[in-house]
Amino acid sequence: MFNNILIIGSGTMGQGVATLLLSKSLNVTQVVRTPDAVKITHDNIIKALTKLVRRTKVDIDFNEVFSRFNVVTELDLNSKFDLVFEAIVEDLASKKAIIEKYDNYITADTIWATNTSSLSITDMAATYSYPDKLIGLHFFNPVANMELVEVIPSILTSEDTVNRCWDFCIQLGKSPVRVEDNPGFIVNRLLIPMINEAVGILESRVATVEEIDSAMKLGAHHPLGPLALADLIGNDVCLSIMNALYSSTCDSKYRPSYLLQKMVSAKKLGRKSGQGFYTY
Ligand code: NAI
């Protein structure tokens with residue numbers, strides 16, 4: 001099983017997955033972009049682990065955890081990893097550039113897992129030195145609470161890679177579902193167009209933010225309304241997924257709502273920026 005794991009990206013998902021792996025006794029190196037991000041990531045992981053201790057009532061020795069956790073801006077040149085977990089911005093060119101940038105830190109056995117929500121796994125695999133070892137492992141937000149992981153092989157991924165990642169998800173206490181590489185996989189192909197439609201309803205003044213969210217909570221039994229969910233996911237992430245669905249299918253049913261585009265331009269990204277459809 002994987003033990004020496006590199007996480008690239010320290011946003012919502014990079015931190016969520018780091019917390020999960022650390023709670024399962026795994027060794028984690030997390031590479032971040034700025035010295036400031038080193039401290040922020042450390043502090044956020046302490047908070048997340050403290051919350052986990054409170055919720056699960058399982059004791060965690062923080063000193064022991066931090067002996068297995070390394071947050072850095074630059075990797076040691078001799079480092080090699082069993083698993084690389086990429087959780088950077090949802091942009092294909094950036095994800096491919098990262099695969100090339102970290103080529104020195106992998107071996108022929110290293111599995112590269114991307115947390116992409118919608119982009120082509122096959123496109124990324126074709127950039128990786130060992131295409132049979134690249135796979136989509138789509139964790140959900142918040143990572144600690146959400147059971148599902150979509151396991152997405154590309155047409156180049158080996159069955160051995162799929163099996164190892166499947167077993168890894170089980171080891172982490174998650175419930176994997178296998179999905180063929182297609183835009184949005186299962187969950188986001190259903191969920192993000194629904195959010196986009198909710199933004200369209202708001203834009204055309206059919207109902208207010210609160211009315212739309214109440215309607216879906218009370219009428220469809222959703223635990224969270226679609227606009228509150230957009231704020232949780234991040235409006236920029238939702239827009240990137242709509243753009244990926246639209247550009248890869250050329251189907252107008254996936255056209256991003258204009259209001260969603262304006263929210264992102266105005267940096268109203270949701271919880272992470274303090275302002276989205278709601279104020280935080
Ligand atoms: P985020 O915006 O919170 O964090 C992105 C991270 O990537 C930041 O640490 C940022 O510094 C880093 N980054 C951005 N551009 C980079 C680059 N060119 N090179 C290196 N690092 C870079 O994003 P979030 O929400 O954590 O999403 C990350 C990935 O996970 C995306 O592919 C997204 O689609 C996916 N995802 C997001 C979910 C969500 O609910 N937010 C759920 C499941 C998957």
Side-chain angles (χ1 to χ4, degrees), residues 6-20 29-45 48 71-75 84-102 105 112-121 123-124 127 134-152 169 174 176-177 179 183-192 194-195 224 226-245 248 264 267-274 276 280:
L6 173 66
I7 298 181
I8 308 175
S10 66
T12 311
M13 297 307 290
Q15 288 182 19
V17 169
T19 307
L20 174 67
T29 301
Q30 189 149 22
V31 65
V32 300
R33 289 205 288 185
T34 61
D36 282 356
V38 173
K39 182 169 176 357
I40 293 170
T41 302
H42 241 278
D43 291 352
N44 286 346
I45 301 247
V71 190
V72 294
T73 50
E74 293 289 335
L75 291 176
V84 179
F85 183 79
E86 171 274 305
I88 69 159
V89 65
E90 185 75 347
D91 171 67
L92 190 58
S94 304
K95 289 192 188 281
K96 285 181 168 188
I98 284 289
I99 292 171
E100 282 167 358
K101 181 173 172 187
Y102 287 91
Y105 302 99
W112 184 287
T114 171
N115 197 43
T116 181
S117 306
S118 60
L119 300 171
S120 164
I121 308 298
D123 223 335
M124 283 183 243
T127 309
L134 190 140
I135 192 164
L137 279 189
H138 187 209
F139 286 81
F140 288 79
N141 181 23
V143 177
N145 303 343
M146 302 299 279
E147 283 169 46
L148 179 67
V149 180
E150 288 177 320
V151 175
I152 313 132
C169 293
K174 299 295 181 192
V177 167
V179 193
F185 318 127
I186 296 173
V187 173
N188 284 335
R189 184 163 159 187
L190 289 166
L191 191 64
I192 304 297
M194 181 199 70
I195 287 175
L224 214 60
L227 298 172
L229 183 58
D231 279 355
L232 177 71
I233 294 170
N235 290 316
D236 52 337
V237 176
C238 293
L239 178 59
S240 302
I241 296 170
M242 283 311 294
N243 279 328
L245 287 169
S248 56
V264 175
K267 303 267 183 297
K268 295 186 175 204
L269 306 182
R271 283 175 188 260
K272 65 183 163 190
S273 71
Y280 299 89

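Indexing begins at 1, ligand by ligand and atom by atom, following the structure's order. Hydrogens, waters and symmetry mates play no part in the numbers below; they use all other heavy atoms, side chains included.
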Chemist: Report the residues that fulfil side-chain contact (heavy atoms from CB on, under 4.5 Å) with Ala113, sequence neighbours left out, ordered by chain and then residue number.
Modeler: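 Here the qualifying residues are Leu83, Phe85, Ile135, Leu137.
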
Chemist: May I ask you to list the atoms of ligand 1 that are less than 4.0 angstrom from any heavy atom of Val89?
Modeler: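 Those atoms are 7 (O), 14 (C), 15 (N).
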
Chemist: If the cut-off is 4.0 Å to any non-hydrogen atom of Lys95, which atoms of ligand 1 fall inside it?
Modeler: 31 (C), 32 (O)

Chemist: Do we see a donor-acceptor contact under 3.5 Å between the side chains of Gln15 and Ser10?
Modeler: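 Ser10 and Gln15 do not have a side-chain donor-acceptor pair below 3.5 Å.
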
Chemist: Heavy atoms only: which of Ser94, Gly270, Ser10 is nearest to atom 9 (O) of ligand 1?
Modeler: Ser10

Chemist: Any heavy atom of Ala87 sitting closer than 4.0 Å to ligand 1?
Modeler: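 In this structure, Ala87 qualifies as a contact of ligand 1 - some heavy atom is under 4.0 Å.
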
Chemist: Hey, does Thr12 have a side-chain heavy atom less than 4.5 Å from the side chain of Ile233?
Modeler: no

Chemist: Can you name the residues that form a salt bridge (charged side-chain N to carboxylate O under 4.0 Å, His left out) with Lys272, not counting sequence neighbours?
Modeler: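 Per chain and number, Lys272 pairs via salt bridge (charged side-chain N to carboxylate O under 4.0 Å, His left out) with Asp236.
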
Chemist: If you take the nearest heavy atom of each of Lys101, Met13, Arg33, Gln15, which one is closest to atom 17 (C) of ligand 1?
Modeler: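 It is Arg33 that holds the nearest heavy atom.
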
Chemist: Out of Val149, Asp236, Ile98, Ile88, whose heavy atom sits nearest atom 7 (O) of ligand 1?
Modeler: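 Residue with the shortest heavy-atom distance to the ligand atom: Ile88.
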
Chemist: Just by modelled atom types, is the Ser118 backbone N or O under 3.5 Å from a matching donor or acceptor in the Glu90 side chain?
Modeler: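 Here the side-chain-to-backbone pair exists.
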
Chemist: Under a 4.0 angstrom heavy-atom cut-off, which atoms of ligand 1 come close to Lys272?
Modeler: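 Here the atoms of ligand 1 in question are 1 (P), 2 (O), 3 (O).
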
